[in-house]
Colleague: 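Below is a structure I'd like to ask you about.
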Amino acid sequence: MNQETTNYLRMFATSRRQFLKASVIASGMTTTAAFAPAAVAGFSLGQAAAQEGDLGVLNFALTLEHFEARLYEVLTGEGTLLSGQALEYGQYYGSQEAMHVSLLTDAISAAGGDPVMAQDEYMFPTFANQQEVLEGVAAVEDVGASAYLGAAPLIQEADYLTVAVQIHSSEAYHATGIRLLAYGTEGAFPDFKNRAFADPRTAEEVTKIVAEFGVMAGMPDTGAGGLATKSRGANVFGVAGLGAVAAAGVGIAHSRAAREARQR
Amino acid sequence: MTFTQNRADTMEQAGHSRRTFIKGAAATGLMAIVAGSTSPSADAASFAKANLQDLTDADILNFALLLEHLEAEFYKGAVDSGVLTDYSVGIITELRDNEVIHVDFLTKALMDAGMAEEDLSSAEDINTDAFDYSSEAAILEVSEVLEETGVGAYTGAAALLDSKDLLAVAGSIEQVEARHHGAIRWLNDKNPSPDRENALGIVLTIPEVQERAKPFLNS
C-alpha cells in the first residue's frame, strides 16, 4: 500500500484505534477470505482482501453520500420548495443516494471496517425558491462526481474500483438531470476546463467545499497543506496536462513484454 | 484443456491480430470462452479480468478508440442529416464535438505509445451504412444505445487498466459519456438516471460491448 492510501485511511478512519482495528481485521481476512460469505451487497469477498486504504476511500465516499441523501430528504420534505418534475427528480435521486449509503455501509462493514455515520445535523444553505434549490443541488452533484473521479485511482481492489466507478456514473446522471431542470439543454453539461474531459477533485479539495455544510464535523482534521491526498488524476488534467499525457504516452504498455517488465 | 491454451489456440486459428481481436472478428473464440466458463461471476469486472488478463492497456484503449470512432461517425452524420430539430441539435452537436476530441486524444496517445498505424482503430472500421438517420427519433434511439454502451465499456475497462494515470483519463471520459447518456435519455423523455439495482451505473465486459457494437462495424 502506498503512502497516499495510508494517509487516506488515517484521515477518514474515525479514530486511530479504529484504524488499527481495521488493519488487523483486514490483514486477517487475507487468509480467511475463503470462508467469508461469497458476496455481500455486490462485493465478492473471496477476492476482496480488504485493502486498508480502500476502506478509507470508501468511508470518504460514504461521508459524502450521507450528506447527499440527507440533503435530498430535507429539500423534498416538509415545506419543500420543489414541485412537479423537480420534486419527482429530487425524491428519486434521494432514494438512489440512500441506496449508495446502504451499499457502502454494508461493504465497509463486510470488509471489517467501521462505516462512518451520518451527522446528526448538517448546515444546509437557505434557498428562496425552486431555481435556487436546483442550482445548489446541481453544484453538489457535480462535486460528488468529481470526488469519485479523483478517488478512483487510489482504490486498489478491482471490485471496489468498479463499484466506485458505477456510483460515479450515478452521480453524473444525477448532475445531468438536475442541471437540465435548472438550466435546460444549453446548460446540461458543466464547463470543464477541457470540454470533453470531466475534472477530478482531490479529497482535500472536496473537503474544503463541503466543510461549510458541516459534512466533516467530528472527522479528523484534514487541514490544508496537511496530508498528501492528491489523486494522481489531478496531475494529468488541464489542457496542458492532457497534452502531456498524449505526448509522453504515459504508462501505456503497448507490448506484453513491457507489461510484464512493469509487473516485476 | 486449460483456459489459456484454449484461448491461445482459438486466436491462432483465427489469424489473430490486435486489430481484428479488438474489432471482435476473433470474438467467436472469446464468446466460446465466455459460454464455457464454469463460473460466470455476476461481478463483471472480475469476470472480465479473469478472462482478458492478457490485454495490455494499449489494447484496451484501442478498443475504447473504436467506440469513440463509432460515436463520432454516428453523430457527424446525424448533425449533417438535416433531420434534427432545435429540440436535439444542440446536444447532438456537443456530443459530436466531444467524441471527436476523444478520438483525437486516444489516437495521439496510442501513436505516441508506439502502436503501429495499421493496428489503430480508425473511422474506416465503422459501417456508416448501418446508421439510421430516417428521423430524429431514430437518431435519438441509436444515440441512447451508443452512449449506454460507452458508459458500460469504460466502467468495465477501469479495473482492467494497469496504469493509474490511464485509469484517471478513462474515468474522466467515462463521466462525460454518462452525462451524454443522461442527456439523451432526457431527450427520449426518460429520467436521466436509469433505474438500476443499488443505483449503480452499467458495467459491460469487452465481449458484451463487442456484441453491441458489431452491427455498426465493418467485418
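Numbered from 1 within each chain, the chains take letters A, B, ... in sequence-line order.
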Colleague: Is there a side chain to side chain contact (heavy atoms under 4.5 Å, CB included) between B/Gln175 and A/Phe197? Walk through the geometry before answering.
Modeller: CA-CA 8 Å; B/Gln175 186 185 126; A/Phe197 299 90; over 6 Å; no

Colleague: Please rank A/Met99, A/Arg195, A/Gln85, A/His168 by heavy-atom pairs under 4.5 Å with chain B and give me the top one.
Modeller: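 Counting heavy-atom pairs under 4.5 Å, the top option is A/His168.
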
Colleague: What are the two closest non-hydrogen atoms of B/His102 and A/Ala196, and how far apart are they?
Modeller: NE2-O, 2.6 Å

Colleague: Sub-4.5 Å heavy-atom contacts with chain A: which residues of residues 180-192 of chain B show up?
Modeller: B/His180, B/His181, B/Gly182, B/Ala183, B/Trp186, B/Leu187, B/Lys190, B/Asn191, B/Pro192

Colleague: Contact part of A/Ser95 toward chain B, heavy-atom cut-off under 4.5 Å: side chain, backbone, both or neither?
Modeller: neither

Colleague: Do you know the tightest heavy-atom contact between B/Ser193 and A/Gln96?
Modeller: OG-OE1, 2.6 Å

Colleague: Is B/Glu141 atom CD crowded by more than 12 heavy atoms from other residues, nucleotides or ligands, each under 6.0 Å away?
Modeller: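 For B/Glu141, atom CD is not crowded (no more than 12 foreign heavy atoms under 6.0 Å).
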
Colleague: State the CD1-CG distance between B/Ile173 and A/Leu149, to the nearest 0.5 angstrom.
Modeller: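 Spacing of CD1 (B/Ile173) from CG (A/Leu149) equals 10.5 Å.
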
Colleague: Where does A/Leu161 contact chain B at under 4.5 Å (heavy atoms): side chain, backbone, both or neither?
Modeller: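 Only the side chain of A/Leu161 comes within 4.5 Å of chain B.
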
Colleague: Quick one: list whatever passes side chain to side chain donor-acceptor pair (under 3.5 Å) with A/Glu68, sequence neighbours left out.
Modeller: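 Partners of A/Glu68 under the side chain to side chain donor-acceptor pair (under 3.5 Å) test: none.
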
Colleague: Can you say whether A/Tyr92 sits under 4.5 Å from chain B via the side chain, the backbone, both, or neither, judging by heavy atoms?
Modeller: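 The side chain, not the backbone.
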
Colleague: Sort by residue number and list every member of residues 169-176 of chain A having a non-hydrogen atom under 4.5 Å from chain B.
Modeller: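 Counting heavy atoms that sit under 4.5 Å from chain B, the residues of residues 169-176 of chain A involved are A/Ser169, A/Ser170, A/Ala172, A/Tyr173, A/His174, A/Ala175, A/Thr176.
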
Colleague: Heavy atoms under 4.5 Å from chain A: which residues of residues 84-98 of chain B carry them?
Modeller: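 Within residues 84-98 of chain B, near chain A: B/Ile91, B/Glu94, B/Leu95, B/Asn98.
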
Colleague: Looking at B/Lys164 and A/Ala152, would you say the former's side chain and the latter's main chain have a donor-acceptor pair under 3.5 Å?
Modeller: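 No; zero donor-acceptor contacts below 3.5 Å.
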
Colleague: Would you mind reporting whether B/Asn198 and A/Val163 have side-chain heavy atoms less than 4.5 Å apart?
Modeller: no

Colleague: I need the minimum non-hydrogen distance between B/Ala199 and A/His100, along with the two atoms involved.
Modeller: O-NE2, 2.6 Å

Colleague: For chain A, which candidate among B/Val100, B/Leu106, B/Asp195 shows the most heavy-atom pairs at distances under 4.5 Å?
Modeller: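 Of the candidates given, the most pairs with chain A belong to B/Asp195.
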
Colleague: Please assess B/Val176 against A/Phe189 for the test side chain to side chain contact (heavy atoms under 4.5 Å, CB included), listing each intermediate value before the final yes or no.
Modeller: CA-CA 9 Å; B/Val176 170; A/Phe189 308 121; over 6 Å; no

